[in-house]
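Data first, discussion second: the structure below is written as structure tokens.
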Amino acid sequence: MSYDLCIWDPSRHAPLPTSRKEAIATAERLEALSDSANSRFSELGALLVQRYDDDADAKNDGATLTAFWGSDPRQRAAACSSAVLRLSIPSDPCTRQISHAVDAAASLGLVVMDDEIGLCFLPDGTILPEEDREAWESDLAEMRAGPEDLVESKPDGRTFLEKLGGELFDAIGRGNKRI
């Protein structure tokens with residue numbers, strides 16, 4: 001199963017959307033529109049390959065370029081004959097791929113619409129709808145967290161005597177088999 005990102009160039013087609021509803025409508029309208037080759041899509045494909053090459057975590061997970069992106073993004077961009085580049089990526093987990101695609105697209109002035117949950121990422125960093133920004137940033141933080149970040153050390157609020165008594169009780173209790 002794949003996860004789709006719809007990517008378009010607002011400088012060629014339509015103004016930037018101002019709401020989720022408008023972004024969805026724009027993506028649907030533009031996807032049906034045939035278009036000549038878009039050099040920004042080709043640049044995006046190359047940037048996505050570069051993002052994979054620079055992502056040590058992706059390689060540590062054993063993902064090849066085509067496994068990471070679902071296909072070679074350069075070929076997908078070259079074959080696109082629509083005003084919308086539909087980038088199908090593996091669905092689980094895909095926060096890393098979405099993050100790379102959003103960052104690369106923003107650098108080229110492209111809009112990214114997450115077709116599954118309806119998030120729209122504008123080139124200036126705006127996320128539509130704005131109330132979903134916190135959830136997206138939480139997903140990014142979780143993805144970027146190392147193992148040491150995931151383990152919370154909880155302080156032990158016991159006094160010294162409480163700790164000592166607990167350890168003695170545990171030691172005596174473990175050796176007592178007559179219960």
Side-chain angles (χ1 to χ4, degrees), residues 1-33 35 38 40-41 43-52 54-55 57-77 79-146 149-150:
M1 181 165 197
S2 65
Y3 192 97
D4 290 340
L5 299 176
C6 297
I7 303 167
W8 71 88
D9 186 349
S11 69
R12 286 177 66 152
H13 300 286
L16 290 171
T18 59
S19 68
R20 177 194 326 231
K21 185 176 180 180
E22 195 175 302
I24 292 169
T26 300
E28 288 173 355
R29 179 178 56 81
L30 292 177
E31 189 167 15
L33 182 65
D35 198 11
N38 188 334
R40 287 189 182 179
F41 288 170
E43 289 177 59
L44 177 66
L47 282 174
L48 296 178
V49 170
Q50 185 64 47
R51 295 285 178 134
Y52 165 79
D54 294 343
D55 189 338
D57 289 334
K59 292 179 181 175
N60 287 341
D61 291 340
T64 63
L65 174 71
T66 54
F68 184 75
W69 286 115
S71 65
D72 187 327
R74 295 168 296 197
Q75 292 173 351
R76 175 148 332 257
C80 182
S81 60
S82 168
V84 171
L85 172 62
R86 187 169 279 277
L87 184 64
S88 296
I89 57 177
S91 61
D92 189 43
C94 60
T95 303
R96 182 173 305 285
Q97 289 92 333
I98 295 170
S99 172
H100 286 319
V102 166
D103 290 343
S107 73
L108 297 170
L110 303 173
V111 175
V112 177
M113 176 74 193
D114 180 328
D115 205 30
E116 296 294 316
I117 58 175
L119 277 178
C120 183
F121 302 89
L122 302 182
D124 66 358
T126 301
I127 296 176
L128 301 173
E130 183 62 36
E131 59 266 14
D132 289 349
R133 174 180 291 282
E134 188 175 316
W136 171 248
E137 288 175 352
S138 173
D139 288 348
L140 286 178
E142 184 178 314
M143 175 196 75
R144 293 176 180 147
D149 296 332
L150 297 176

**Asked** Rounded to the nearest 0.5 Å, how far apart are CD1 of Ile24 and SG of Cys120?
**Response** 9.0 Å
**Message:** Is it true that, when you exclude Glu134 itself, more than 12 heavy atoms of the residues, nucleotides or ligands shown sit nearer than 6.0 Å to its CD?
**Reply:** no
**Message:** If we check side-chain contact (heavy atoms from CB on, under 4.5 Å) with Val111, which of these qualifies: Val84, Leu30, Leu128, Leu16?
**Reply:** Leu16
**Asked** Does Pro17 reach the side chain of Leu122, with side-chain heavy atoms less than 4.5 Å apart?
**Response** yes
**Request:** Would you check, one step at a time, whether the test side chain to side chain contact (heavy atoms under 4.5 Å, CB included) holds for Glu116 with Cys94?
**Result:** CA-CA 11 Å; Glu116 296 294 316; Cys94 60; over 6 Å; no
**Asked** With a 4.5 Å limit on heavy-atom distance, are the side chains of Ser82 and Leu33 in contact?
**Response** no
**Ile89 vs Ser71 side-chain heavy atoms within contact, under 4.5 Å** = no
**Check: Phe68 main-chain N/O paired with Gln97 side-chain donor or acceptor under 3.5 Å** = yes
**Item:** Partner set under side chain to side chain donor-acceptor pair (under 3.5 Å) for Ser107, not counting sequence neighbours
**Value:** none
**Message:** As a quick check of understanding, evaluate side chain to side chain contact (heavy atoms under 4.5 Å, CB included) for Arg20 and Asp132, giving each step before the final call.
**Reply:** CA-CA 11 Å; Arg20 177 194 326 231; Asp132 289 349; 3.1 Å; yes
**Message:** If you apply the rule side chain to side chain contact (heavy atoms under 4.5 Å, CB included), what do you find for Asp114 with Leu5, and how did you get there?
**Reply:** CA-CA 5 Å; Asp114 180 328; Leu5 299 176; 4.3 Å; yes
**Message:** Are Arg51 and Asp103 packed together at the side-chain level, in the sense that at least one heavy-atom pair is separated by less than 4.5 angstrom?
**Reply:** yes
**Request:** Identify, with sequence neighbours excluded, every residue that meets side chain to side chain donor-acceptor pair (under 3.5 Å) alongside Arg133.
**Result:** Glu130, Glu137
**Asked** What are the two closest non-hydrogen atoms of Leu119 and Pro129, and how far apart are they?
**Response** CD2-CD, 4.3 Å
**Asked** What heavy-atom pair brings Gly109 and Asp9 nearest, and what distance separates the two atoms?
**Response** O-OD1, 4.5 Å
**Message:** To the nearest 0.5 Å, what is the distance between CZ on Phe121 and OG on Ser99?
**Reply:** 8.5 Å
**Message:** If I compare all heavy atoms of Pro90 with all of Ala67, which pair ends up nearest, and what's the gap?
**Reply:** CG-O, 3.1 Å
**Request:** Mind jotting down which residue pairs meet the salt bridge (charged side-chain N to carboxylate O under 4.0 Å, His left out) criterion with at least one end in residues 67-77? Sequence neighbours excluded, please.
**Result:** Asp72-Arg74
**Distance in Å, Asp124 CG paired with Ile127 CD1, rounded so as to fall on 0.5 Å steps** = 10.5 Å
**Asked** If you round to the nearest 0.5 Å, how far is CG of Leu85 from CG of Leu110?
**Response** 8.5 Å
**Item:** Least distance between heavy atoms, Arg86 atom then Cys6 atom
**Value:** NH2-SG, 3.3 Å
**Asked** Which one of Val102, Leu108, Leu44 satisfies the side-chain contact (heavy atoms from CB on, under 4.5 Å) criterion with Ile7?
**Response** Leu44
**Complete:** dist Thr26:OG1 -> His13:NE2 (nearest 0.5 Å) comes out at 12.0 Å
**Asked** Taking Tyr52 for the side chain and His100 for the main chain, is one N or O donor matched with an acceptor at less than 3.5 Å?
**Response** no
**Request:** For residues Asn38 and Trp8, determine if any side-chain heavy atom of one lies less than 4.5 Å from a side-chain heavy atom of the other.
**Result:** no
**Residues Ser88, Asp4; criterion side-chain hydrogen bond (donor to acceptor under 3.5 Å, both in side chains); working and verdict** = CA-CA 4 Å; Ser88 296; Asp4 290 340; 2.6 Å; yes
**Request:** Just do the side chain to side chain contact (heavy atoms under 4.5 Å, CB included) check on Leu140 and Thr95 with the steps written out, would you?
**Result:** CA-CA 7 Å; Leu140 286 178; Thr95 303; 4.1 Å; yes
**Asked** Do Val49 and Pro73 come close enough that some side-chain heavy atom pair is under 4.5 Å?
**Response** yes
**Nearest heavy atoms of Ala101 and Leu87, plus distance in Å** = CB-CD2, 4.3 Å
**Asked** Can you check whether Tyr3 reaches Asp115 side chain to side chain, under 4.5 Å on heavy atoms?
**Response** no
